[in-house]
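Report on the structure given below.
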Amino acid sequence: MLTFKTEVLKSKQKSDGTYNVKIRMTYNREVKRFSTNIFVRQEDLTKSFKLKNPKFIQEADAIVRYYQEICAKFQIGINNYSMDDILAFLKGEQMKSQEIDFIQFSREWITHSTIKGAENYTSAVNAFVQFLGKDRLIIQQLTTSLLKDFMDYLIKKREEKIKMLKEQGKRVPSNRVVSLYLGSIRHLFNEAKKQYNDYDRDIILISHSPFENFKIPKQEATRKRAISANDILRIYELPYILDSKGKEKLGRFNLAKDCFILSFGLIGINSADLYSCEDISDDVITYFRAKTSARRNDKAKMKVKVMDIIKPLVKKYRDRTGKKVFNFYQNYTTADSFNKAINYGLKQIGEILQIEDLEYYAARHSWATLAVNKVGIDKYTVHAALNHIDEAMKVTDIYIERDFEVENEANRKVMEYVFG
């Protein structure tokens with residue numbers, strides 16, 4: 001039998017002399033106690049610690065009736081529910097009476113999530129708050145109409161930025177803010193539904209679906225960053241900056257030059273993977289691509305043979321402790337700071353060699369472009385070498401164990417084409 005009654009525990013006196021009135025729930029000899037917002041003093045209680053103040057008795061009785069009505073609604077008395085089931089029902093009904101703040105939920109989710117790209121989610125929420133003009137939004141107010149207005153706002157901001165850059169004679173970068181921000185808001189909304197809706201127990205706190213009839217615009221095509229084989233050779237042959245003693249100077253310029261060639265020679269390895277890879281054996285580096293490892297059954301495993309042209313660089317930056325393949329982590333605390341240092345140095349190199357907008361990612365783009373257009377490697381092999389996700393082959397990939405021979409043979413041909 002399920003019962004509720006008020007209770008004040010003599011041993012639970014607070015430092016200010018008050019006691020919290022609790023609701024004691026008993027079911028199949030199990031006991032759970034719920035705190036309330038009612039606090040009483042010694043004079044409000046009898047000697048046996050029962051409530052005697054009519055005001056507090058009335059408030060506590062109202063809470064008991066509320067719990068009883070919830071349990072009657074779900075026919076708990078005639079169903080074989082566990083104590084945990086009952087607690088879930090009560091929690092759900094309590095939450096229904098509360099307003100869910102989408103902005104607060106989003107910020108808390110970002111803080112506690114380990115998802116890659118947390119900065120993008122934060123930027124999306126900040127832009128949404130700026131659009132709203134307030135930092136609070138009841139989730140039921142997140143409607144299709146509001147999303148359309150937010151999209152128009154982002155497009156307008158984008159147009160204003162383009163106009164400003166053109167007036168200043170600056171390059172207009174490719175844009176993915178509209179699709180990225182709206183996609184982030186959609187993901188956060190779905191995460192809120194996961195947290196607040198219990199479909200097994202039919203506790204639905206978020207019942208609407210504003211994205212169902214809202215189409216997020218496609219992302220603009222990525223700006224092509226590939227450079228020519230000749231430009232890659234120029235970067236490779238570019239003299240290092242030396243110190244006053246004629247020795248190679250430690251700095252972002254020299255680091256950028258080397259890491260760009262390392263990336264190109266390792267089939268466009270990302271800076272995050274260059275920073276964190278831990279396994280090298282018989283001149284083969286094995287790593288798991290951070291960007292897609294969580295979405296792949298094989299954790300985006302990749303094996304790249306170290307070609308002769310980059311062996312001196314691998315040796316130069318080798319981690320002598322054996323903890324990782326390279327020692328970059330010893331000079332840069334995060335992969336992000338490492339990537340920023342490289343791109344800073346590449347900006348200097350780009351100015352010297354007159355290569356516009358030279359970035360680290362150009363090594364990856366250039367490898368793929370040269371492989372297809374100059375070396376004659378088929379696109380499927382390039383796709384596999386870049387370790388991309390192939391949705392059409394997901395099931396087939398379960399049955400195939402890659403040996404990476406084809407990808408490394410393609411890399412050998414690309415290296416020969418560029419470096420001879």
Side-chain angles (χ1 to χ4, degrees), residues 1-113 135-142 188-189 191-207:
M1 183 178 177
L2 178 65
T3 61
F4 294 93
K5 63 180 293 186
T6 57
E7 186 176 67
V8 179
L9 300 177
K10 187 176 182 180
S11 61
K12 298 294 183 180
Q13 186 179 29
K14 295 188 171 297
S15 58
D16 61 357
T18 62
Y19 299 87
N20 180 238
V21 177
K22 299 185 182 297
I23 306 298
R24 173 187 169 120
M25 180 177 75
T26 306
Y27 181 68
N28 290 342
R29 298 183 180 179
E30 285 189 74
V31 175
K32 293 287 182 182
R33 292 180 174 85
F34 304 101
S35 297
T36 70
N37 59 355
I38 304 172
F39 291 88
V40 297
R41 297 185 177 278
Q42 187 76 49
E43 56 267 28
D44 300 313
L45 303 168
T46 65
K47 290 182 179 180
S48 58
F49 266 70
K50 305 293 183 183
L51 288 174
K52 70 176 182 180
N53 187 319
K55 174 178 178 293
F56 295 129
I57 292 174
Q58 186 177 2
E59 291 180 6
D61 285 346
I63 296 174
V64 168
R65 284 195 301 273
Y66 172 70
Y67 286 137
Q68 290 171 336
E69 288 169 1
I70 293 174
C71 293
K73 175 182 175 181
F74 291 103
Q75 298 183 311
I76 286 174
I78 62 174
N79 287 296
N80 189 27
Y81 290 125
S82 67
M83 178 67 89
D84 289 338
D85 290 331
I86 298 171
L87 292 172
F89 285 128
L90 295 175
K91 179 182 178 182
E93 290 301 306
Q94 283 180 307
M95 291 172 67
K96 282 183 180 178
S97 64
Q98 300 174 0
E99 294 180 332
I100 300 170
D101 181 357
F102 176 69
I103 304 300
Q104 180 183 345
F105 164 81
S106 297
R107 297 201 187 283
E108 290 177 354
W109 183 88
I110 294 168
T111 300
H112 296 100
S113 174
D135 59 0
R136 177 176 169 81
L137 180 72
I138 304 307
I139 202 161
Q140 283 74 17
Q141 297 173 345
L142 182 52
L188 290 166
F189 179 81
E191 287 296 325
K193 294 184 80 169
K194 286 181 185 178
Q195 177 167 319
Y196 290 105
N197 290 352
D198 188 338
Y199 296 99
D200 290 336
R201 297 187 174 94
D202 196 30
I203 300 173
I204 311 299
L205 305 187
I206 305 172
S207 58

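Each residue takes its place number in the sequence, starting with 1. As a basis for the values below, the full set of heavy atoms in this structure was taken, side chains included, without hydrogen atoms, waters or symmetry mates. These numbers were taken from a predicted model, which means no experiment stands behind them.
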- Out of curiosity, Leu188 CG to Arg107 CZ, how far, rounded to the nearest 0.5 Å? 10.5 Å
- Query: How many angstroms lie between OG1 in Thr111 and CD in Glu108, if you round to the nearest 0.5 Å?
  - Reply: 7.5 Å
- Kindly write out the residues that satisfy ring pair (Phe, Tyr, Trp, His ring centres under 6.0 Å) with Phe49, not counting sequence neighbours, or none if the list is empty. Tyr19
List in chain and number order the residues that pass side chain to side chain donor-acceptor pair (under 3.5 Å) with [X], two or more places apart in sequence or in another chain; answer none if no residue qualifies.
X: Gln68; value: none
X: Lys12; value: none
X: Ser48; value: Thr46

- With Asp101, which residues qualify under salt bridge (charged side-chain N to carboxylate O under 4.0 Å, His left out), at least two apart?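 Arg136.
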- Message: Tell me every residue that passes salt bridge (charged side-chain N to carboxylate O under 4.0 Å, His left out) with Lys194, counting only those two or more places apart in sequence or in another chain.
- Response: Glu191
- Only pairs at least two apart or in different chains count here, so list each salt bridge (charged side-chain N to carboxylate O under 4.0 Å, His left out) that has a residue in residues 27-40. Glu7-Arg33
Using distance only, find each side-chain donor-acceptor pair of residues 50-57 under 3.5 Å and give its atom names and separation, not counting sequence neighbours.
| unit_1 | atom_1 | unit_2 | atom_2 | d |
| --- | --- | --- | --- | --- |
| Asn53 | OD1 | Lys55 | N | 3.0 |
| Asn53 | ND2 | Asp44 | OD1 | 2.9 |
| Lys55 | NZ | Glu59 | OE2 | 3.1 |

Using side chain to side chain contact (heavy atoms under 4.5 Å, CB included) as the criterion, list what pairs up with [X], not counting sequence neighbours.
X: Thr18; answer: Lys14, Asp16, Phe39, Arg41
X: Gln141; answer: Lys134, Leu137, Ile138
X: Ser35; answer: Asn20, Lys22

- Query: If every non-hydrogen atom of Ile38 is compared with every non-hydrogen atom of Ala60, which pair is closest and at what distance?
  - Reply: CD1-N, 3.7 Å
- Task: Please name the pair of heavy atoms, one in Thr6 and one in Val21, separated by the smallest distance, quoted to 0.1 Å.
- Result: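 So the two residues come closest at CB-CG1, 4.5 Å.
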- Query: So do Phe4 and Ile63 actually touch side chain to side chain, heavy atoms under 4.5 Å?
  - Reply: no
- Item | Within 6.0 angstrom of Glu43 CD, more than 12 heavy atoms from elsewhere |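 Yes, the 6.0 Å shell around CD holds more than 12 heavy atoms from other groups.
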